[in-house]
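The structure displayed is predicted, hence computed values, not measured ones.
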Amino acid sequence: MTEKFVNWWSERLHIRDVPLSRVPDYMYSVNYWLGSMVAAAFFWEVITGLFEILYYEPSNPYGSTMSIIQKVPYGQLLIGTHLYGAYLMILLAYVHMFRNYFVKAYKKPRELQWMIGVILLTIVQGAAFLGYSMTGDILAADAVDVGRGIMGSIPFGKAFEPLVFGNGTSLDLFSRLLGYHVILVALIGILFGYHFYLAEMNGFMPSHKAANNRAPAVLDQKDPSLNPWYPRNLIYMLELVFFTFGIIVIVPSVLMLLPRVPILFSPYPSVSPTSALAKTLPAYPPWFFLFMYKVLDFKPLSPLDVTIIAAVIPILFFLLVPILDRSDDLHFMNNWVFQAIGIIAIINFVQASVWAALAPGVPVSPNVYIPVIAEPFIVVLTGFYLMSRNTRSPTVSKTAALALLAAMAGVFAVTLASYSHLFSLQTLPAAVTGTLASGFLGAVLISAKDSASPGPAGKVSASRPKLSAAYALLTALVVTAFALAAVMWTYDPITQAPFFGLGLGTLFLIFAEMIAIYHYAVYTRK
């Protein structure tokens, strides 16, 4: 019956006629499908965003946002999951980008595909900034002020400020924020469609072992051992889509039920700018802008300096890396400078973000931030150089050497800060975070140089669970899903929306597991 149903739809939709890429068995791993999870989060954002537009009023941004939460059925979920959908989408996009960066998936024939991806990540963060600013709370007001300050500091920025932020009235400002937000989301959809097209035309990047560590790394689509895209790829992708939906719904639902949630993680807007509490709250931006928020505290850097250092230069580097790294070598340790730069970028991003969360708005002098920023450069570059000189040294010695270098650099940073009389609990976290990030992240990535991209999977283990056990679990999940759905619909859609969200998120995870069992029973189990 299932096969007839699938065949009926495939014949009418001509799915089998679409030239989508075929993949080997070992590619059915989340490692290769992060892009589909980003797409799932984007789809969630579009759907929830369209519902929010029905109730959002640019003339009363904060009031209409709170009205959605307090009066619209399931409005709490609408606001909370839209926020966390954006959070997860950006996080997955970062993971997806750096994963492809470290396996050098930006090389021929995927140069344009990579560049479109970097542009997409940049536009996604721009759309997130606009959406985050539309709530009209104190954090949104601070974000708009920072945006105005940065724009006013760049050449000709003052001339274009009215075009972006309006004529000074609240209605004009939030009307423009809404309009630009919709435009960027539409642009994301168009570029993502092209990105997906290039990904399918270029095919999945095979393991380095299968490609002999040489670009162009492409699969032979005539290889009969490869699996056709439909229906197996579609089934596996649906599993990841429902899993992504589950995370997007469950996390904010749990946070809504907690009594006190830090402002950085709250799924709700903060207080109104006119509230008496507004002056007591730190001007936190979303987590993906925390690093830049902290760099703005570095004195005597101007907003223009910060924009160039923390945004323009990194974007240009990652955008142009296919041109900068033109060799056809895919080995992790060859052309190691590019790998080192990627690790340094991650460390500095994490380090500055944690620093901003712990010490928001606290000015930092060069005597403090220069050693903290220099630490990962010293550790990672020295570590990579030593590894390149002796690639056969044991992993343990490599890890120990990096940990030692990290500790030395951390001590140096703290000592220098103390000597300058600027040491405090507000500067200690950055030094400690830099030490840990440099040591552990650098050690993990470097020691994994020979396994940056997993090789083909071996034979299926004979100890796999019996098919009868899989069907029994599937039956139990179906019964659980029906029982959970029956309970969910008894909750009040306004006052008990978080409980409904927990049930809905659990249902999504159950659906993901049911599809996983089907994939195992039909395709994986031999």
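- Under the 30°/60° scheme for interplanar angles, the aromatic rings of F318 and F98 are found to stand perpendicular.
- Ring geometry for F129 against F289 counts as perpendicular: the plane angle is over 60°, on a 0 to 90° scale with 30° as the lower cut.
- A donor atom on one side chain and an acceptor atom on the other are found under 3.5 Å apart for Q125 and Y94.
- Counting all heavy atoms, side chain and backbone alike, M115 lies closest to P322 at CE-CG, 4.3 Å.
- Using bins of under 30°, 30° to 60° and over 60° for the plane-to-plane angle, the ring pair Y28/H519 lands in the tilted bin.
- Across P206 and M27, no two heavy atoms sit closer than the pair CA-CE, 3.5 Å.
- Checked by atom type, the side-chain pair S29/N31 shows no donor-acceptor distance below 3.5 Å.
- Ring geometry, W287 versus F349: the interplanar angle exceeds 60°, so the pair is classed perpendicular (tilted spans 30 to 60°).
- Between K107 and D325 there is a salt bridge, with a side-chain nitrogen of the basic residue lying less than 4.0 Å from a carboxylate oxygen of the acidic one.
- Here Y293 pairs with nothing under the side chain to side chain donor-acceptor pair (under 3.5 Å) rule; sequence neighbours left out.
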Verdict with reasoning, T135 to F174, per side chain to side chain contact (heavy atoms under 4.5 Å, CB included): CA-CA 9 Å; T135 59; F174 288 98; over 6 Å; no
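- In this structure, a donor-acceptor pair under 3.5 Å is present between the side chains of Y268 and Q76.
- Listed by first and then second residue, the side chain to side chain donor-acceptor pair (under 3.5 Å) pairs involving residues 39-51 are W44-T81, T48-H82 (not counting sequence neighbours).
- The aromatic rings of W114 and Y101 are tilted relative to each other, their planes meeting at an angle between 30° and 60°.
- Look at D25 and R232 and you find a salt bridge, because one of the NZ, NE, NH1 or NH2 atoms lies within 4.0 Å of a carboxylate O, short of that distance.
- For the residue pair V144 and S133, the shortest heavy atom distance occurs at CG2-CB, 3.9 Å.
- For F508 and F243, the ring centers sit 6.0 Å or farther from each other.
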